[in-house]
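A, B, ... follow the sequence lines: proteins, then strands. Residue 1 opens every chain. Bear in mind the structure is a predicted one, so any value in this text is a computation, not a measurement.
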Protein chains: 2
Amino acid sequence: MAATEKITIMDIARRTGLSKGTVDRVLHNRGEVSKKSYAKVMEAIQELGYEPNVFASLLAKGGKRLIAVLIPAHENGSFWELAASGIDKAAASVTTVGVDIVHFEYDQYDIDSFRKVAGKMLEARPSGVVLAPMFQGETESLTEELTQRGIPYCFIDSKPDTNGYLAYFGMPLYKSGYLCADQLTGGRDVPSVLIIRVRRDRFSQSDPTVNRRAGFLDYMMENYPECRIDNVFIDPNAPEETEAALSTYFQTHPDVHHVVMFNSRIHLAVPYLQAHPDPQRRVVGFDNLKANMDALRNGTVSVLIGQRPDEQVNLAIQTLAEYAILGKLPPRKDHFMHMDILTSYNVEDY
Amino acid sequence: MAATEKITIMDIARRTGLSKGTVDRVLHNRGEVSKKSYAKVMEAIQELGYEPNVFASLLAKGGKRLIAVLIPAHENGSFWELAASGIDKAAASVTTVGVDIVHFEYDQYDIDSFRKVAGKMLEARPSGVVLAPMFQGETESLTEELTQRGIPYCFIDSKPDTNGYLAYFGMPLYKSGYLCADQLTGGRDVPSVLIIRVRRDRFSQSDPTVNRRAGFLDYMMENYPECRIDNVFIDPNAPEETEAALSTYFQTHPDVHHVVMFNSRIHLAVPYLQAHPDPQRRVVGFDNLKANMDALRNGTVSVLIGQRPDEQVNLAIQTLAEYAILGKLPPRKDHFMHMDILTSYNVEDY
DNA sequence: ATACTTTCCGTTACCGTACACGGAATTCAA
DNA sequence: TTGAATTCCGTGTACGGTAACGGAAAGTAT
């Protein structure tokens, strides 16, 4: 095995009768080479099957590359905290190969903070950027800027309808609504379902939950068209109000045993649900936040659908690093991650 | 960021008034250094926080490292085929950093073939080995040999009660039986369950299914002690016999709607089950073999519990590579992988 | 033909580490 | 004290590639 002696830049220099300087110039096509020499070198590269020695290259180039991660600030116990945790994991494995990671955070409810932070990020002159698209327009102008500067970028979580990105890692949203419905109903007819929703402000943010809800409703429509579907809106910043809203609802609808929420905030409903147990109840939510997993353990939540946000950023970073260091393109652009079904019996090793 | 100029071997040479040769000697402690010099160098390394440049080191060392993977031969559509597929994935990412992978296969029912192949493997002088322990005694003597030669090794799938391995990647077996029971019953009382088992030959192989069965039975005992549990044995090499066995069983037990199998062969039961549908039936099996996933899609199997064998070997290889190249130890030895719950609604992106 | 550009290309000095080699310093025996 | 054996250490080169520098060859204008 590994019979073929590694052939070097010098080999093709000798083969073509040129010097390694010239060979290097065509390899990085930085001009100053005649067409004839260029062709000869290319041919020799082809025939000898030359592959550059990464180590030598990196050593000679010197310095460190930088990858920037631009995601919403992670308040404690939020979805983005999970994503942020993937940064450290990735950092550990790429720093040893000369890549540093900088983490930029912005307020996901403040478009100005996004602008500012994006600007700072650009100043750092990264060789790659990991992005979670929140504000449509701003994301677009940022990616344009990146393209101009020749900086590759990856999307995580969700992605806009553009095309210039290097790769995308996320969950198939519509399908996740389907899966969610199946887990909630257990494949059996269900008379009624309560959807708990969060009141959004008018920012035109990308909202993953609309696709999920669409998938969910389609599943219900197709399988249990008779099922009544109620909606209750809550305010994430007013726990008492949430409690009141749920209380009011369940007083008038004691017959509803199926509860679902399409964002990562099912934990907001847990205090009420736990205080008012219902043996027939089934609750499904999304994302493996600490609070959600605790609710899974204590039985308040039946199933959680997870998407490994940490893996998403980890993969995005790896992909960017490989591209920045080795120039290696990922096998495909879009990576739809597996949707993990979490129950109290398999949370522990998650 | 990244302010500190990278300090090199020369820096500590200057700092100590010694030469880089001496510094190098203490770094690789290959002797021929006086105690005094040794101490001085160590101190300087400490103070300056010297970290070797991996690229330069690898470049200077030259040559390729080799990682061997030693797992049972993968007949088409078998569990080990899944594992083998992880090899290519890993290979792609490590060859670029100068690591080659050799794949050794043996007949998992023939201990002699294991001996032979293990011998061949050693001859290849790998810098790391990925092992799936099948034959207890043989595994032990192999690992001893590896330890003597200073070759690190990782276990996947299952692991013996030894301690010299670098890392282990596998599923928590006992727990997976628990999870399996919960998915089978759906958390509701069930009057009776059929376990389909494969008759084993007398080889003292490590058998993951015994732990799974134990977990399963404990769950049933704890939750539904009244449940009757039947066993039917089949022969993987005689499909007609399997069909006959199931047919006989279900003729006398038409009331049994819950079927489970603890190894990856649930697909063996699929022909019968599919030919004799039962709307109330629930079937749970293990591992994402192509045939199993197809059964999931067509509704014959309700749930599959997956453990990503490809990821297991991939991670094992990565770990070994990092250790062999960078000398980096994994953060912990035992990696219990998440148990994936697969249904027809989330198979596609698996 | 001369001077002046361009276009090409070879030379050379690194990058940071590994390791062989040979020599200086020290120790030991006689 | 001298020679040999040890112990310790510095020098030099290789590893494969990058990129600045400067000069030769070819082309252009006068």
Side-chain angles (χ1 to χ4, degrees), chain A residues 2 4-42 44-45 48-65 95-99 127 324-327, chain B residues 2 4-42 44-45 48-65 95-99 127 324-327:
Chain A
T4 56
E5 277 310 303
K6 197 61 178 163
I7 62 142
T8 78
I9 216 176
M10 269 307 277
D11 292 321
I12 58 183
R14 271 190 289 271
R15 172 73 116 82
T16 56
L18 293 163
S19 75
K20 58 178 188 158
T22 306
V23 176
D24 183 65
R25 270 182 290 262
V26 351
L27 279 173
H28 300 76
N29 46 351
R30 49 182 159 98
E32 315 207 352
V33 179
S34 71
K35 287 200 186 307
K36 209 168 58 172
S37 302
Y38 186 91
K40 267 202 292 189
V41 170
M42 285 309 254
I45 288 178
L48 301 190
Y50 167 77
E51 285 195 16
N53 180 320
V54 193
F55 305 137
S57 172
L58 257 351
L59 174 59
K61 268 207 274 269
K64 298 194 145 289
R65 261 124 291 274
T95 48
T96 57
V97 293
V99 174
S127 329
I325 296 187
L326 316 170
Chain B
T4 54
E5 276 311 304
K6 199 59 180 165
I7 63 142
T8 78
I9 216 176
M10 269 307 278
D11 292 322
I12 58 183
R14 271 189 289 271
R15 172 71 116 84
T16 55
L18 294 163
S19 76
K20 58 181 184 151
T22 307
V23 176
D24 182 66
R25 271 182 287 263
V26 349
L27 279 174
H28 300 76
N29 47 350
R30 50 184 158 98
E32 315 206 350
V33 178
S34 70
K35 287 202 187 306
K36 208 168 58 174
S37 303
Y38 185 90
K40 266 202 291 188
V41 170
M42 285 310 254
I45 287 178
L48 301 191
Y50 167 77
E51 286 195 14
N53 180 318
V54 193
F55 305 138
S57 171
L58 257 350
L59 174 60
K61 267 207 274 269
K64 297 194 145 292
R65 261 124 291 273
T95 48
T96 58
V97 292
V99 175
S127 329
I325 296 187
L326 317 170

Quick check: closest heavy atoms across [X] and [Y], and the distance to 0.1 Å?
X: Val99(A); Y: Lys64(A); result: N-NZ, 4.3 Å
X: Val97(B); Y: Ile325(B); result: O-CD1, 3.6 Å
X: Lys40(A); Y: Thr16(A); result: NZ-O, 3.6 Å

**Item:** Length of the CZ-P vector between Arg30(B) and dC8(D), whole Å
**Value:** 15 Å
**Request:** Within residues 51-61 of chain A, find the residues that approach DNA chain C with a heavy atom at under 4.0 Å, and present them sorted by residue number.
**Result:** Leu59(A), Ala60(A)
side-chain contact (heavy atoms from CB on, under 4.5 Å) involving [X] - partner list, sequence neighbours excluded:
X: Thr95(A); answer: Asp100(A)
X: Ala60(B); answer: none
X: Met10(A); answer: Thr8(A), Ala13(A), Arg14(A), Lys20(A)

**Prompt:** With a 4.0 Å cut-off on heavy atoms, is Gly17(A) in touch with a base, just the backbone sugar-phosphate, or nothing at all?
**Reply:** sugar-phosphate
**Complete:** Outermost contacting nts on DNA chain C, any atom under 4.0 Å from chain B heavy atoms, listed 5' then 3', are dG16(C) to dC19(C)
**Item:** Between the first and last five pairs of the helix from dA1(C)-dT30(D) to dA30(C)-dT1(D), the angle of the axes, rounded to 10 degrees
**Value:** 50°
**Request:** Sequence neighbours left out, what passes salt bridge (Lys or Arg N to Asp or Glu O under 4.0 Å) with Arg65(A)? Give chain and number order.
**Result:** none
**Request:** Mind checking salt bridge (Lys or Arg N to Asp or Glu O under 4.0 Å) for Arg25(B) and listing every partner two or more places apart, or none if nothing turns up?
**Result:** none
Mind checking the [atom1]-[atom2] spacing from [X] to [Y]? Nearest 0.5 Å is all I need.
X: Ile12(B); Y: Ile45(B); atom1: CD1; atom2: CD1; answer: 4.0 Å
X: Asn29(A); Y: Tyr38(A); atom1: CG; atom2: OH; answer: 5.0 Å
X: Leu59(A); Y: Leu59(B); atom1: CG; atom2: CG; answer: 6.0 Å

**Any residue of residues 20-29 of chain A with a heavy atom less than 4.0 Å from an atom of DNA chain D** = Lys20(A), Asp24(A), His28(A)
**Request:** Taking only heavy atoms on the protein side, list every residue of residues 31-39 of chain A lying under 4.0 Å from any atom of DNA chain D, sorted numerically.
**Result:** none
Can you pull every protein N or O that's under 3.5 Å from an N or O on nucleotides 24-28 of chain D?
none

Check: residues 49-58 of chain B side-chain donor-acceptor pairs under 3.5 Å, at least two apart:
| unit_1 | atom_1 | unit_2 | atom_2 | d |
| --- | --- | --- | --- | --- |
| Asn53(B) | OD1 | Phe55(B) | N | 2.8 |
| Asn53(B) | OD1 | Ala56(B) | N | 3.0 |

